[in-house]
Amino acid sequence: PDLEYIEWTVQAQQVELLLGLPPDALFVAILAGRQAGKTYIAVANIVADAVRSPGREFGIVSLDFKASRDPEKALAALIDPRWGVRRNKTDRAWVFPHGAQIIFRSVEAINSLRGPSLKAVLLDEAAAYMARTEDAFLTTVGCGAAAKNFRIFLATTPKRENAFIRKIDA
């Protein structure tokens with residue numbers, strides 16, 4: 001079959017994210033214009049963390065099922081088949097041999113990611129659903145409240161004043 005790939009050029013402002021984030025960073029905001037690689041870089045960080053975190057869960061949240069295609073495409077491009085990662089289409093999860101899982105959810109199902117094994121959540125294109133779901137960020141924080149070293153990734157194109165930034169500044 002034909003292989004799909006994503007062509008991606010590293011920009012100067014993306015280097016720090018590629019080289020690794022401080023382990024104590026709770027909130028990582030990736031704000032950039034259209035087609036700047038926000039989703040890809042966030043998913044790459046989630047994959048790197050999943051490789052290092054046996055038995056932990058990672059969530060990737062999108063507006064709806066259709067909107068989750070881009071992050072799932074990025075994930076598929078990053079996972080080497082030799083790693084033995086299984087895709088469970090029913091649960092919308094990718095399961096690593098050491099027990100880590102990357103789970104895709106819609107914004108309405110953020111609560112299903114709750115628990116102490118949760119390591120990180122990516123809110124992909126969050127500006128698109130903040131108007132509809134003003135409490136998405138706080139719900140995500142609540143989901144990870146019991147988890148050790150929990151981290152939230154926000155990858156979005158900022159439009160006007162961003163509600164997430166208002167919540168963090170408050």
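As the structure is a prediction and not an experimental result, all values here were calculated from the model. For the numbers below, each heavy atom of this structure counts, side chains included, while hydrogens, waters and symmetry mates do not.
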Mind listing the closest non-hydrogen atom pair of Gly55 and Ser117 along with its distance? O-CB, 3.9 Å

So which heavy atom on Thr39 is nearest to which on Ala155, and how close? N-CB, 4.4 Å

What heavy-atom pair brings Ala100 and Ser53 nearest, and what distance separates the two atoms? CB-O, 3.4 Å

Heavy-atom closest pair, residues Ala93 and Ile103: CB-CG1, 4.1 Å

Taking side chain as C-beta onward, heavy atoms only, is Leu63 less than 4.5 Å from Glu125? no

Which heavy atom in Ile46 sits nearest to a heavy atom in Gly59, and how many Å separate them? CD1-O, 4.5 Å

Might you point out which heavy atoms bring Arg56 and Leu118 nearest each other, and give the distance in Å? NH2-O, 3.0 Å

Evaluate Phe150 against Val121 for side-chain contact (heavy atoms from CB on, under 4.5 Å), listing each step before the verdict. CA-CA 8 Å; Phe150 178 69; Val121 173; 4.0 Å; yes

Can you name the side-chain hydrogen bond (donor to acceptor under 3.5 Å, both in side chains) partners of Ser106, sequence neighbours left out? Glu108

Scan for salt bridge (Lys or Arg N to Asp or Glu O under 4.0 Å) pairs involving residues 42-54, sequence neighbours excluded, and state none if there are none. Asp49-Arg52, Asp49-Lys119

Contacts of type ring pair (Phe, Tyr, Trp, His ring centres under 6.0 Å), residue Phe96, not counting sequence neighbours: His98

I need the full list of salt bridge (Lys or Arg N to Asp or Glu O under 4.0 Å) pairs touching residues 87-105, with sequence neighbours left out, sorted by first then second residue. Glu72-Arg87

Hydrophobic cluster membership, Trp83 vs Val95, 4.5 Å side-chain cutoff: no

Distance col, row Trp94:CH2 vs Gln101:CD, nearest 0.5 angstrom, shows 13.5 Å

Does Tyr40 reach the side chain of Leu78, with side-chain heavy atoms less than 4.5 Å apart? yes

Among residues at least two apart in sequence or on other chains, which ones pass salt bridge (charged side-chain N to carboxylate O under 4.0 Å, His left out) with Arg86? none

